[in-house]
Structures are given as C-alpha cells and as structure tokens.
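Chain letters run A, B, ... following the sequence lines, proteins first and then strands; every chain starts at 1.
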Protein chains: 2
Amino acid sequence: MSSDVDTVLGKAIAVLRAFSADDHELSLSALVERTGLPKTSVHRIAGDLVHHRLLDRTSHGYRLSGGLFELGMRASLERGLAELSMPFLQDLYERTHEIVHLGLREGHEVVYVAKITGRRQARSPSRAGGRMPLYCTAIGKVLLAWSDEEVRRAVLTRPMPPLTAHTITAPGRVARQLDTALSAGVAFEREESALGIQCVAAPVLDLDNKLVAAISVTGPVGRFRPEQHADAVRAAAHGLGALVARRTSLRPDPS
Amino acid sequence: MSSDVDTVLGKAIAVLRAFSADDHELSLSALVERTGLPKTSVHRIAGDLVHHRLLDRTSHGYRLSGGLFELGMRASLERGLAELSMPFLQDLYERTHEIVHLGLREGHEVVYVAKITGRRQARSPSRAGGRMPLYCTAIGKVLLAWSDEEVRRAVLTRPMPPLTAHTITAPGRVARQLDTALSAGVAFEREESALGIQCVAAPVLDLDNKLVAAISVTGPVGRFRPEQHADAVRAAAHGLGALVARRTSLRPDPS
DNA sequence: GGAGGTCGTTCCACTCAGCGGTACGCTCTT
DNA sequence: AAGAGCGTACCGCTGAGTGGAACGACCTCC
C-alpha cells in the first residue's frame, strides 16, 4: 500500500517501519535490504534519527528508541480510549483471569490498543499496537459485524488468507457468523487466528449504538470455554460504552 | 536542549513533539507557535506527516495518529521489559488493588513503561510513556539509590525544584533516604510528587545485582499505608528480576 | 456593515539539503 | 592472502524543501 519513498520524511519513516514487531535490532545492511533504499541514504538517515532520539545505536546496529515510545504513548492517550478503558479491562481480567484485549478497527484490520496478560496464560500472537485481520478474530468479527455494510462487504469479497487450518475462509460462513454475533451481542473465535486459543468478544457502543471498539477474552482450548465468559465480556463492554458515551465524541474515524 | 530544526526531519519531529501529553489536538497556528517554525513549513510538513499516517487531520487541526502509536509500541516491545513484566505487575495489582507502575531510569528522569489502574483509585500524575524527576518519586529514589555514584551525585547536586509542599529538596535528606532504601530494599514517597498519594517502590535487579528497572505501588493518603505493601512490591520486583536475568541482556543503557 | 483579526491555504523563485554513485578501511571467513 | 560483507567518508549535481508574500474564508467587535 502506501510508501512514498521519494522525500526525506518518507525515507525516514520507511526506516522506522522497517523494524517489525520482532526485529528488535537491525543492522545497516538489514535496513538497506528491507527498505530498498540506497545504502548511503539509509546510513545518513539512520544517523539523523539517532541524533533526534528516535533510534538508538547498538553494538550490532540500530534499535527503535525510547523517544519513539514516548511519542507513541502520547498518540495513544490522545485517542483517550486506552486510558478510559483500563479499569474495565482490569475488572474483566480479575473476573476471568484470562488474556483481555481492547481493539479498534482501522481500515480492514484490528488494532490492539491494550492487552492485559497474567502469569501462565495462553500464548496469543496479538500485541498492544499490533494488527490482525478482521475476519478470523473474535474482536475482528465484532468490529466487522457492527460496521457499515460497505466495510463488511469490502472485507468479505477480498481474499481471506487462512492463518490456521481452522480459519473460516468461506465468505458465506463468516457472514452468517457476523449475523449471529449481531443478535447475540458477542462473537466467538475458535483457533481461527492461532492454534490452541479461543476468544469471545463484545462491542463497545456509544449512546447511538455506534461502534467505538471491542473487548475480548482469550484463553487456551483446554480449560477455557468462551461461552462461559460471554456475559462478563458483554458487561465490561457495556460499562465502557456508557462511560465513553458520557464523555464527548471520540474521533469520527476516517479510514 | 536538543532541537536541530534546520533539516526536514528535525522540523517534522519538532512538530510531532509539539504535541505534549495533554494537547490532544493542535491547530496549524498552535503548531507554528510551539515550534517557532514558519507557517508555510509547518503546513507542508504537517501535510506530509498526515500523508504518512503519523498525524490525523481533525476538524480543528491535527492529532497524533495511530501509526505513531504502532511504532511506539514496537519501540516499547524492543525494550522487552514491558512484555515480560506484565504478569508480575498484574499479580501485584491483584494483591494490592492499587496503582502499579514499572519505571526505568533514562538520564535524570523516570520513564514509566507500564501502568496498571483499576476503578476508583488514587489520581496519579504519571502516565505510561511519561517522565518524572528521580528525587521525589518512590521509583525514582530506587532507581537513584541503585545507580552509580556518579548519577546519584549529578542528580543531588543539581537543583531539585519541589513539586509539592512535601517535596524533599535538601540533598542531604534525599541522600539519607537513598541509603535507607539501599539497606531496606524499598523506597517510599509521601506526597512529594503529588498531593494525596504515597508510594512504595522496589528495584528489579538482574543476577549481578545490576539495576534494570523499578516497580511501585501507589495509593491515596487515607486508607493506603505504603509500608503494608513493601513486601508485595519487593516480591514482584524479585520475581521479575529473576525472569529478566534468565533472558539475555537487556540493553546496556547509553545515557 | 465594514473594519480589523485570525486562520488555513496557495503561489513561486531561490538555494542548499539531500542525494546516491564511487571508493575506502575494517573485520571476519575461507 | 584473497575474498566477502559490512560500516563509513567523499563529493559534485539537482530538485525538494524553503519561507516570504498574498489570498480568501471565517470570525468578532465597534
């Protein structure tokens, strides 16, 4: 998609974005490879970024720095939700003792805004600040189900690459699940995004029943039965929804 | 301090940094005022930043966007600690039901890497991604006490502006508290950074007893007695320390 | 209602920041 | 010792970035 790498700024951002979630540290040449930019340019730009405290030098190359974290957290606070939702997520965690997520829709993906984890828990691929497809996660299905018809259609007609053997790729089946979710008030996911985990999610709606975000509980296939926690998730989502509604608007969502 | 505003990159970053923690939204002219840059430049750069998804346009101006949040979270993950510590902070929260913080030292300040809040709790000025002085917070005192002599001296000899009427500004008294903290294994703070709240903090040490971070519990003056939670904080910090030690190194800290 | 203020936007000619090919020096590996 | 791979330094060209000036769309406030 978007990547205009013809301006300094574009290049700098490309360099920053080259660091994916699990590449803690990249060498100059690795950056060159990932960005496709000429070595000299990367060298200069990375140097500038270090100077501006968005990157750190390490013995083996470069690493995203704390300055970036700082900016990022501000961005998160701006959206307000993260801060407001904390108590509800916290409550939900204590009730269930399973992984709790808060996610927004951004384009055709979920963006996880907050994640609460405890000890000895299911391993979920999600991360705060990370993204996932809409069609194969509980939060995603909720976000999709309560979105405009337009969004739903766009996602369902595009190819939906499976993430596991259980990922539902038939548009019809997904659509049926969305309808069920709409009437039930919750959506489920059973090993569709990662093996060994299941989820329940519920929508956070404002006073006009307009979708704001979604909350989910995730647990391992064995002991965890998503249905058992449907009520808790719904309750948390309602609570947060009421609080959000009381505050003024929270961005009209562009994409 | 640092602000080279003569390159595109510098200007762009200056624009981003113009958004402080509580300025959710800034108009073009506000940005001009804060950055001191010519109006045209800000206009162009802000436009570029929007195009690159680091800023959002709003009806009233600009706002830090989700793209930045995403990058910031990656930067946080890189430091690894945030992820590793979650279960311990979570545990600690459940034991105490008070605000829990994880903080690092960066230069002469605390940087809060994680914060757990529940319902109806003390109002603390801290924020994930935010900064505070070292000399008047429990976490700060811990970080200072276990740091090199050099750092301690630098902080204590510099002026220490009081944040409240209770802030301890006499270098001697702070030094004595640091020594007490070293032998007790925990540090306290009593309304020194904000009125109405008190804290206990303990150091996260690796196998070589080298300081990695600090954990604290914060509560309101009334019901909350920091001493009661000293053991819990110490335990959490020890647990995390052991885990950190098992993993390989976590950055050698430049500043 | 019109005079003055503020704010966002567009235009445009200048110039220096950014560019990237080339080349160098270092440290491993073979 | 030759080679591969890496980070760094040099340097002349050029168009991206620059910022002053001017415009139009709102606002109050006399």
Side-chain angles (χ1 to χ4, degrees), chain A residues 2-20 23-65 67-68 78 248-249 251-252 254, chain B residues 2-20 23-65 67-68 78 248-249 251-252 254:
Chain A
S2 70
S3 47
D4 305 38
V5 189
D6 26 69
T7 129
V8 214
L9 233 160
K11 289 177 192 174
I13 294 174
V15 167
L16 292 178
R17 294 225 163 101
F19 292 84
S20 68
D23 296 301
H24 296 199
E25 205 167 335
L26 291 178
S27 68
L28 179 60
S29 10
L31 284 173
V32 169
E33 188 183 1
R34 297 190 173 225
T35 57
L37 296 171
K39 186 170 43 162
T40 315
S41 301
V42 174
H43 182 253
R44 178 168 20 90
I45 289 177
D48 290 354
L49 288 172
V50 168
H51 179 248
H52 287 290
R53 311 210 37 250
L54 296 195
L55 285 184
D56 282 340
R57 292 227 59 142
T58 69
S59 36
H60 302 284
Y62 300 90
R63 179 181 49 196
L64 296 180
S65 124
L68 204 54
E78 324 263 291
T248 44
S249 72
R251 103 261 128 77
Chain B
S2 71
S3 47
D4 304 42
V5 190
D6 26 68
T7 126
V8 216
L9 232 158
K11 290 177 191 174
I13 293 173
V15 167
L16 291 178
R17 294 226 162 100
F19 292 84
S20 69
D23 295 302
H24 295 199
E25 205 168 334
L26 292 178
S27 67
L28 179 59
S29 11
L31 285 172
V32 169
E33 188 184 0
R34 295 190 175 226
T35 57
L37 297 172
K39 186 169 43 162
T40 314
S41 301
V42 175
H43 182 253
R44 176 168 23 89
I45 288 177
D48 290 354
L49 288 172
V50 167
H51 178 248
H52 288 289
R53 310 210 36 250
L54 295 196
L55 286 184
D56 282 341
R57 293 228 59 142
T58 68
S59 37
H60 302 283
Y62 300 90
R63 179 182 48 196
L64 297 179
S65 123
L68 203 54
E78 325 263 293
T248 45
S249 72
R251 100 260 131 75

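Phosphate proximity of D:dG19 to B:K11: present, with a side-chain N or O under 4.0 Å from OP1 or OP2. Proximity of B:T40 to the phosphate of D:dA21: no side-chain N or O atom is located under 4.0 Å from OP1 or OP2. Look at B:H43 and you'll find a side-chain N or O under 4.0 angstrom from OP1 or OP2 of C:dT9.
In this structure, CG of A:L28 is placed 17 Å from P of C:dT27, rounded to the nearest angstrom. The CG-C1' distance, from A:L37 to C:dG18, rounds to 13 Å in whole Å. Atoms CG (A:L49) and C1' (C:dG18) sit 14 Å apart, rounded to a whole Å. One atom, CG of A:D48, and another, P of D:dG17, lie 14 Å apart when rounded to the nearest Å. Atom pair A:E25:CD and D:dG7:C1' shows a separation of 15 Å (rounding to whole Å applied). Between the CD1 atom of A:I45 and the P atom of D:dG7 there is a distance of 16 Å, rounded to whole Å. Note: CD (A:E33) to C1' (D:dC6) measures 13 Å, nearest angstrom. A:L55 has its CG atom 16 Å from the C1' atom of D:dG7, to the nearest Å.
Here CG of B:L49 is found 11.0 Å from CG of B:D56. Values are rounded to the nearest 0.5 Å. Distance check, rounded to the nearest 0.5 Å: OG of A:S41 to CG of A:L31 gives 12.5 Å.
When the nearest nucleotides of DNA chain D are assigned to A:T7 and A:A30 by heavy-atom distance, the more 5′-ward of the two goes with A:A30.
The shortest distance between side-chain heavy atoms of A:L64 and A:L55 falls below 4.5 Å. At least one side-chain heavy atom of B:Y62 sits under 4.5 Å from a side-chain heavy atom of B:R57.
Residue A:R44 has its side chain nearest to C:dG20 when only C:dG20, C:dG8, D:dG17 are considered. Here C:dG20 is the nucleotide among C:dG20, C:dG18, C:dC7 with the atom lying nearest to any side-chain atom of A:S41. Here D:dT8 is the nucleotide among D:dT8, C:dG8, D:dT18 with the atom lying nearest to any side-chain atom of A:K39. Of all nucleotides listed (C:dG21, C:dC11, D:dT8), D:dT8 comes nearest to the side chain of A:R57. Closest to the B:S29 side chain, of the nucleotides C:dG18, D:dG7, C:dC7, is C:dC7. Minimum atom distance to the side chain of B:P38 is reached by D:dG19, of the listed C:dG18, D:dG19, C:dT10.
Of the possible donor and acceptor atoms, none in the side chain of A:T35 sits under 3.5 Å from a partner among the backbone N and O of A:V15.
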